[in-house]
There are 2 protein chains.
Amino acid sequence: MNSEFTIAVHSLAYLAYQPDRMATSEMIAHNVNTHPSRVRKVMSCLKKQGYVGTKEGIGGGYLFDRSPEQITLAEIFRATSIGSIKPSWCSGNGDDNCMVACNMAEVMDHIFCEAEEQLIMYLQRITINDVLERVRAARQQSTT
Amino acid sequence: MNSEFTIAVHSLAYLAYQPDRMATSEMIAHNVNTHPSRVRKVMSCLKKQGYVGTKEGIGGGYLFDRSPEQITLAEIFRATSIGSIKPSWCSGNGDDNCMVACNMAEVMDHIFCEAEEQLIMYLQRITINDVLERVRAARQQSTT
DNA sequence: TCAACTGTTACAAATATAATAACAGTACAC
DNA sequence: GTGTACTGTTATTATATTTGTAACAGTTGA
């Protein structure tokens, strides 16, 4: 799977963690441990879908546009990584006369598509707020 | 996801399609449209798990060891591609003092792990025989 | 003992992913 | 206005992963 999903979730959790302040791409990138440009690319996508607000110019950056309890990971997955379950390689057709060779790609495609739907149903149950709660719980455990 | 899963499923469906004859890696590779060496690598793995029988030497090749109705795609996935849902890149720790930065990798890891379990549960419901049936159904549709 | 296989390793080629640089556009401070 | 600090976007380079291919030891049967 594409790691843009990870970047998006981490960035949103970071925004949820400090809800009042605007965060610049540089701040987020430092927290996520990647390049600011990559963060901007992902956040630009999230902005278009209405998940975050942005402000250009001095004092600008990113801010939540909806509440962290409303946004599920399913939505983020759809925005950033739809179709990434299916491998790019597909078993082609080396034998025109064979029923299996001719139709396997289509059958596998369908299987990967449904598999992704299952995945999305699972991600539907997790919100950005849940992620932040889990982060808090993980911290708790590592200090005991 | 790793395409070895696709190669494995295609190969097994091909074996199920002509259950009496042994198929060589070359025959399978031609049908799957890849290199015989890649097929041998995948099949070697399936052999170790007891899904297919192999015979070396003249007249050798691969043959089903269990019936196609028994083998689910979940088993094949586990044998070939476990762990491949999770992206190799993970959001690292650029900020030691931040709870989010420190624990996000662990939280995401857990999410990907559970997501994979969901996927496996879905694949559990599909057997190699089902795949062959779907191939037959696809053929049916394309001729009408 | 030869031919036709598998099993395995090593390496080259192709592709995908991530990092980085660069710069136009925007908003605010002065 | 002009400078500064930001986003948005594109292009390019570096790195990692995936796939294809070759090579050869080991096995089996004619």
Side-chain angles (χ1 to χ4, degrees), chain A residues 1-8 10-11 15 21-30 32-65 79-81 83-92 94, chain B residues 1-8 10-11 15 21-65 79-81 83-92 94 105:
Chain A
M1 189 187 304
N2 198 322
S3 63
E4 291 194 356
F5 174 68
T6 302
I7 292 176
H10 189 142
S11 301
L15 288 184
R21 280 177 278 170
M22 274 217 145
T24 67
S25 63
E26 195 169 2
M27 291 164 69
I28 298 173
H30 181 238
V32 170
N33 212 28
T34 186
H35 200 275
S37 194
R38 246 197 124 190
V39 171
R40 289 203 292 274
K41 192 180 162 207
V42 172
M43 296 306 272
S44 162
C45 169
L46 293 180
K47 180 206 177 177
K48 283 172 187 160
Q49 314 278 331
Y51 297 116
V52 297
T54 68
K55 208 170 101 184
E56 299 183 14
I58 293 175
Y62 301 91
L63 202 64
F64 252 99
D65 223 29
T80 60
S81 306
S84 65
I85 291 300
K86 187 181 140 187
S88 52
W89 190 94
C90 81
S91 78
Chain B
M1 188 188 303
N2 198 322
S3 62
E4 291 194 357
F5 174 67
T6 302
I7 292 174
H10 190 143
S11 301
L15 289 183
R21 282 177 277 173
M22 274 217 145
T24 67
S25 64
E26 195 169 1
M27 290 164 68
I28 298 172
H30 181 237
N31 200 271
V32 171
N33 212 27
T34 185
H35 199 275
S37 193
R38 246 198 124 188
V39 170
R40 289 202 292 274
K41 192 180 162 207
V42 172
M43 295 306 272
S44 161
C45 169
L46 293 180
K47 180 206 177 178
K48 281 172 188 160
Q49 314 277 331
Y51 298 116
V52 296
T54 66
K55 208 170 98 182
E56 298 182 15
I58 293 177
Y62 301 91
L63 201 66
F64 251 100
D65 223 29
T80 60
S81 306
S84 65
I85 291 300
K86 188 182 139 189
S88 53
W89 190 94
C90 81
S91 78

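The basis for the numbers below is simple: all heavy atoms, side chains too, and nothing from hydrogens, waters or symmetry mates. In what follows, chains carry the letters A, B, and so on, assigned in the order in which the sequence lines appear, proteins first and then strands, with residues in each chain numbered from 1.
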Item to complete: Verify side-chain contact (heavy atoms from CB on, under 4.5 Å) between Trp89(A) and Thr34(B), making sure each step is shown before the conclusion.
Response: CA-CA 10 Å; Trp89(A) 190 94; Thr34(B) 185; 3.9 Å; yes
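An OP1 or OP2 oxygen of dA14(C) is reached within less than 4.0 angstrom by no side-chain nitrogen or oxygen of Trp89(A). At the phosphate of dT17(C), neither OP1 nor OP2 sits under 4.0 Å from any side-chain N or O atom of Ser3(A). Proximity of Ser44(A) to the phosphate of dT9(D): a side-chain N or O atom is located under 4.0 Å from OP1 or OP2. Phosphate contact (OP1/OP2 of dG8(D), side-chain N/O of Lys55(A), threshold under 4.0 Å): absent. For the pair Lys47(A) and dG8(D), the criterion of a side-chain N or O lying under 4.0 Å from OP1 or OP2 is met.
Nearer to the 5' terminus of DNA chain D, by closest-nucleotide assignment, is the contact made by Arg40(B) (compared with the other of Arg40(B) and Glu56(B)). Annotation: of the two residues near DNA chain D, Met43(A) and Ser88(A), the 5′-most nearest-nucleotide partner is Met43(A). Each of Lys48(B) and Pro87(B) was assigned the nucleotide of DNA chain C with the nearest heavy atom; the assignment lying further toward the 5' end belongs to Lys48(B). When each of Asn33(A) and Tyr62(B) is assigned the nucleotide of DNA chain C bearing its nearest heavy atom, the one mapping closer to the 5' terminus is Tyr62(B).
Between Ile85(B) and Ile85(A) the shortest side-chain heavy-atom distance falls below 4.5 Å. Using a 4.5 Å heavy-atom threshold, the side chains of Gln49(A) and Leu46(A) count as separate.
Residue Glu26(B) qualifies as open at atom CD: its count of foreign heavy atoms under 6.0 Å is 12 or below.
One interatomic measurement links the two molecules: CZ of Arg38(B) to P of dA10(C), which rounds to 18 Å at whole-angstrom precision. Between His35(B) atom NE2 and dT18(D) atom C1' the separation is 15 Å, expressed in whole Å. In this structure, Asn2(B) places its CG atom 14 Å from C1' of dA16(D), rounding to the nearest Å. Nucleotide dT28(D) holds its P atom 12 Å from the CE atom of Met22(B), rounded to whole Å. Between Lys41(A) atom NZ and dA22(C) atom P there is a gap of 19 Å when expressed in whole angstrom units. Across the protein-nucleic acid pair, Glu26(B) atom CD and dA4(C) atom C1' stand 10 Å apart, rounded to whole Å. Taking atom CD1 of Ile28(B) as the reference point, atom C1' of dG20(D) lies 18 Å away to the nearest angstrom. Protein atom NE2 of His30(A) is 13 Å distant from nucleotide atom P of dT20(C), rounded to whole Å.
When heavy atoms are screened at a 4.0 angstrom cut-off, Thr24(B) is found touching the sugar-phosphate backbone but no base atom. Within the 4.0 angstrom heavy-atom criterion, base atoms lie near Ser37(A).
If you run side chain to side chain contact (heavy atoms under 4.5 Å, CB included) between Ser91(A) and each of Asn33(B), Val32(B), Ile7(B), only Val32(B) comes through.
Side-chain proximity of Ile58(A) to dG20(D), dA5(D), dA21(C): nearest is dA5(D).
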